[in-house]
Amino acid sequence: MPIDAGHVLANLMSSAGIHHIHGVAGGALGPLLRAIGERPELRYIGTRHEAAGALMATAVYQATGVPAVCLAEQGPGTHNLMAGLGSARANNLALVAITVSGHSADTSPGRGALMQLDAVEALRPLTKWNTQVRDARRLPEAFGTALRHALTGTPGPVHLDIPRDVLAASVDFGADESAVQRAAFVSPRPTVADPVAVADAAALLARSRRPLVIAGGGAVTADAQVRALIGKLGASATTTQSGIGVVATDDPALVGHGGVIGGPAVIRAMREADLVLAIGCRFSSWLWQDGAPVVRGEPEQRLIQVDIEPSVIGHARPVSVGLVGDATAVLAQLGDALAQRADIHEESAASAARADWLASLREEYEAHLTELDKLAADTGPVMHPAALAKALGVLIPEESLVVYDGGHTSFWSNSLTPTHRSRTRFHEAGMAQLGFGLPYANTLAALHPDRTVVHITGDGSIGFTLQELDTARRYGLRALHVVHNNEAWGVIRASQQHAGFELGTELAGTDYAAVARGFGCHGERVETWDELAPAWDRALASPLPALLDVRVRFEPHPMFPAFGAATRRPAR
């Protein structure tokens, strides 16, 4: 029975368990949009910019582990995807991007048609794999191959470009021929590590006196296993920006999280550890000082690295043992191997040394938190950002989903917002794409309409995607957006002033609450600390998406010098 390519793609999405599609409506996308609209299990959210659609699709995978689709029209619609795809690629998050290009007769080589763009070449650097599908009969093969690349090894975005005549074509397919089960292309069985390597790693862990566990983004599905292993070892622990929540804020093993901005105890722990167990962590510059990872690896320090992608093992620092596999499966193996070792159960000099080291790190970490609390006690006429961050940490319900956007803004909430589990706190640590937060919050509100979703951002950052408040209102995506409004590109202004000039950093005069109301959302401006809690209550009670425009002053975070030193090269 003939079926058009748009319906083939809709069938492929549905059969693969991909139910969330985001993008901007375009004429050449018509056959696919029509097919999506006919399938109630497929949820399409039309954004106001294609980059926001790609960011929303990225957020679906980060929140659920299931990829989503973003769509774009040919030409400018396609290159508008770049910001979102770059974010997905830099953060190792899977999605499927589908673009429509010009008629096959007008491309390869191009003839100067309107909106002409070689989409495959344009998006190749920002995707893990991409191709153009020139025959509609090959759509199931191409879609399945795309899923395999997106979900095998390190996850990432993939891209299918379809000429408009191919998307409008009809093919003689049965229903089963236009179906793709993810398991047919991606093994559902977790990958386990080599048993000999696991035994070697267990021996090193059992003998360690100052073990540090670093949980990265690859550990977010293994909370329980990570916490159990930390407890069994009596180890100190930290998480990267992408791994926040794997180790809870109130875990007595935590010495700070989010990389070097987590406090001086994080930096000291990486320097002093005699063994580091890195789980799903690629040692990005969030973990650097003076242009290199603080963790040294062999021969000065034992390093055990767990990762699903073999090429990551030893890439940043030389390892003692590399464990290639799924974090949940590998940590279960390690736990079993440790349970069989008598030396891990004995009271020993090693276990006493671990306890003493952890106690000293915890003392330093708690001193850092005390310093932040003192700053948060400043409730002067223009609010200190620490005061706002501390207040939000108290106001945000425990089961909330929180997105941190903005450069310096996110530092303040990093340690002042309690975190109890993974996939509840969302950063953009890989590309640091400002403005990702509003589309992310919209996605989380769509996925979890029964939970409180809070987006904490800066006045500079929100300007990149402010138009997506319209998307929130149209689709009833009830997130609460809190703007740290210091009326400037704060960090840039401070650095310029330090250099003796200032240009282009002022952002004064915009009433973001009024803008929100103009989009049909709830919006309030908060000028003083005592206005915050009542405004918060009204915003949460509103049936609309809500925005609080909170006036704060710029103050440098105590760990800002350490963050600046991450990529600074030492003098020669």
Side-chain angles (χ1 to χ4, degrees), residues 45 47-49 52 55-56 59 382-383 385 387-389 391-397 400-410 412-413 417 425-426 428 434-446 448-449 451-490 507-553:
I45 293 179
T47 60
R48 294 299 299 269
H49 194 283
L55 288 166
M56 289 190 75
V382 180
M383 203 182 311
L388 175 55
L392 293 175
V394 173
L395 290 168
I396 293 170
S400 299
L401 303 170
V402 183
V403 184
Y404 303 116
D405 196 359
H408 196 240
T409 298
S410 62
W412 290 108
S413 287
T417 305
R425 305 292 183 262
F426 299 88
E428 209 287 43
L434 297 181
F436 85 98
L438 212 165
Y440 257 60
N442 281 349
T443 294
L444 295 172
H448 301 287
R451 296 176 72 173
T452 300
V453 177
V454 180
H455 166 217
I456 302 171
T457 186
D459 54 327
S461 297
I462 201 168
F464 286 96
T465 50
L466 190 58
Q467 75 281 353
E468 298 307 320
L469 287 173
D470 175 71
T471 303
R473 188 262 310 161
R474 286 184 292 116
Y475 289 93
L477 307 176
R478 291 185 59 249
L480 172 49
H481 310 274
V482 181
V483 182
H484 278 242
N485 186 356
N486 57 30
E487 299 189 326
W489 295 105
L507 296 175
T510 301
D511 185 338
Y512 296 96
V515 174
R517 293 193 298 271
F519 279 120
C521 302
H522 177 93
E524 293 191 43
R525 189 162 172 93
V526 176
E527 298 283 355
T528 62
W529 188 86
D530 57 359
E531 294 175 353
L532 179 62
W536 173 275
D537 290 340
R538 289 190 294 270
L540 283 187
S542 172
L544 301 169
L547 182 145
L548 299 181
D549 180 357
V550 185
R551 183 76 175 92
V552 298
R553 66 184 192 260

Side-chain heavy-atom pair [X], [Y] within 4.5 angstrom cut-off:
{"X": "Ile456", "Y": "Val402", "answer": "yes"}
{"X": "Leu438", "Y": "Ile462", "answer": "yes"}
{"X": "Thr510", "Y": "Asp459", "answer": "no"}
{"X": "Glu428", "Y": "Asp405", "answer": "no"}
{"X": "Thr417", "Y": "Leu392", "answer": "no"}
{"X": "Asn442", "Y": "Tyr475", "answer": "no"}
{"X": "Val550", "Y": "Trp536", "answer": "no"}

Work out which heavy atom in [X] is nearest to a heavy atom in [Y]; give both atom names and the distance.
{"X": "Ile45", "Y": "Ala446", "value": "CD1-CB, 4.0 Å"}
{"X": "Gly523", "Y": "Ala516", "value": "CA-CB, 4.3 Å"}
{"X": "Ala479", "Y": "Ala441", "value": "CB-CB, 3.9 Å"}
{"X": "Tyr404", "Y": "Arg425", "value": "OH-CD, 3.4 Å"}
{"X": "Trp529", "Y": "Ala387", "value": "NE1-O, 3.8 Å"}
{"X": "Pro439", "Y": "Leu55", "value": "CB-CB, 3.9 Å"}

Between atom [atom1] of [X] and atom [atom2] of [Y], what is the distance when rounded to the nearest 0.5 Å?
{"X": "His522", "Y": "Arg538", "atom1": "NE2", "atom2": "CZ", "result": "6.5 Å"}
{"X": "His448", "Y": "Ser400", "atom1": "NE2", "atom2": "OG", "result": "12.0 Å"}
{"X": "Met56", "Y": "Thr465", "atom1": "CE", "atom2": "OG1", "result": "11.0 Å"}
{"X": "Glu468", "Y": "His481", "atom1": "CD", "atom2": "NE2", "result": "10.5 Å"}
{"X": "Phe464", "Y": "Leu434", "atom1": "CZ", "atom2": "CG", "result": "5.0 Å"}

Is the shortest side-chain N to carboxylate O distance from Glu487 to Arg551 below 4.0 Å?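 Yes, this pair counts.
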Neighbour count above 12 (heavy atom, 6.0 Å) for Trp489 CH2: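 Yes, enclosed.
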Is a side-chain N or O of [X] found less than 3.5 angstrom from the main chain of [Y], in a donor-acceptor match?
{"X": "Asn485", "Y": "Asp549", "result": "no"}
{"X": "Arg525", "Y": "Ala513", "result": "no"}
{"X": "Asn486", "Y": "Val552", "result": "no"}
{"X": "Ser461", "Y": "Thr457", "result": "no"}
{"X": "Arg478", "Y": "Leu540", "result": "yes"}
{"X": "Ser542", "Y": "Leu544", "result": "yes"}
{"X": "Thr471", "Y": "Thr47", "result": "no"}

Taking side chain to side chain donor-acceptor pair (under 3.5 Å) as the definition, give me every residue that meets it alongside Asp470, ordered by chain and number, with sequence neighbours left out.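 Partners of Asp470 under the side chain to side chain donor-acceptor pair (under 3.5 Å) test: Arg48, Arg473, Arg474.
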Working note: Tyr512 + Leu547, criterion side chain to side chain contact (heavy atoms under 4.5 Å, CB included); need CA distance, chi angles, decisive distance, verdict. CA-CA 8 Å; Tyr512 296 96; Leu547 182 145; 4.0 Å; yes
